[in-house]
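In this text, all values refer to a predicted model and were calculated from it rather than measured experimentally. Residue numbers start at 1 and run along the sequence shown.
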Amino acid sequence: GWCAACESWVPQVQSQYEELSDRGLELYVLLGSDLNFAAPTQEYCVSYAEQKGLDPAKVLIDDGWLVLFENVDHYDYNFTPINFMLDGQNMAYVWSDAANDGTTTSLNQALQKLLD
């Protein structure tokens, strides 16, 4: 809620999800803090999901983004927002806006490549 970049990013991603969910796309949003920079609560996640039109079951708590940054290579990009795409079949790291393969450089390109 406090991040201006996330405020513009989440609706874009939600729109892509709505367009492509019938092809197997799933969307999860990780919240690392609440509006006061404290650990998000379940209630905050539900409220955030409702405000953004997201499925509350897919808005997850990752206090300080520790789980994300400890388990996904973020190429020393220690800022938010950072966006990752994982293949749900095997959890392989497909794309990030912090690093790419030089060919797949945008969210839309990564989505199409993954879903094709």
Under 3.5 Å: donor-acceptor pair, side chain of Gln14, backbone of Gly53: yes
Value rounded to 0.5 Å, distance of OH in Tyr44 from OG in Ser33: 7.0 Å
Heavy-atom pair with the smallest gap, counting every atom of Met85 and Ala110: CE-CB, 3.6 Å
Heavy-atom closest contact (Tyr17 atom, Leu25 atom, distance): CE1-O, 3.2 Å
Check: Val29 and Leu60 side chains under 4.5 Å, non-hydrogen atoms: no
Main-chain N/O of Ala38 paired to Asn36 side chain as donor or acceptor, under 3.5 Å: no
Closest approach of Pro56 to Ala49 (non-hydrogen atoms, all atoms of both residues): CA-CB, 3.6 Å
Spacing of CG belonging to Leu31 relative to CG belonging to Asp62, to within rounding of 0.5 Å: 9.5 Å
No-hydrogen, no-angle side-chain donor-acceptor test under 3.5 Å, Glu19 and Ser15: no
Distance-only polar pair, side chains of Glu26 and Tyr28, donor-acceptor under 3.5 Å: yes
Aromatic contact, Trp95 with Phe84 (centres under 6.0 Å): no
Interatomic spacing from CG in Leu35 to CH2 in Trp2 - rounded to 0.5 Å: 10.0 Å
Val94/Leu86 under side chain to side chain contact (heavy atoms under 4.5 Å, CB included): CA gap, chis, key distance, verdict: CA-CA 5 Å; Val94 174; Leu86 305 176; 5.8 Å; no
From CA spacing to verdict: side chain to side chain donor-acceptor pair (under 3.5 Å), Ser47, Gln51: CA-CA 6 Å; Ser47 174; Gln51 291 172 16; 3.2 Å; yes
Residues that Gln16 engages under side-chain hydrogen bond (donor to acceptor under 3.5 Å, both in side chains), provided they are two or more places apart: Asn108
Under the side chain to side chain contact (heavy atoms under 4.5 Å, CB included) test, residues paired with Lys113 that sit two or more places apart: Asp101, Thr104
Rounded distance [0.5 Å steps], CG in Leu30 versus CG in Leu66: 11.5 Å
Rounded distance (nearest 0.5 Å) linking atom OG1 of Thr41 with atom CD1 of Ile61: 6.5 Å
Candidate pair Val46 and Val59, rule side chain to side chain contact (heavy atoms under 4.5 Å, CB included), full reasoning: CA-CA 7 Å; Val46 169; Val59 177; over 6 Å; no
Side-chain donor/acceptor of Gln109 to backbone N/O of Ser106, under 3.5 Å: yes
Separation of Cys45 SG from Leu54 CG (nearest 0.5 Å): 10.5 Å
Shortest non-hydrogen contact from Gln112 toward Arg23: OE1-NH1, 3.6 Å
Short side-chain to backbone donor-acceptor contact, Asp87 and Ala92, under 3.5 Å: no
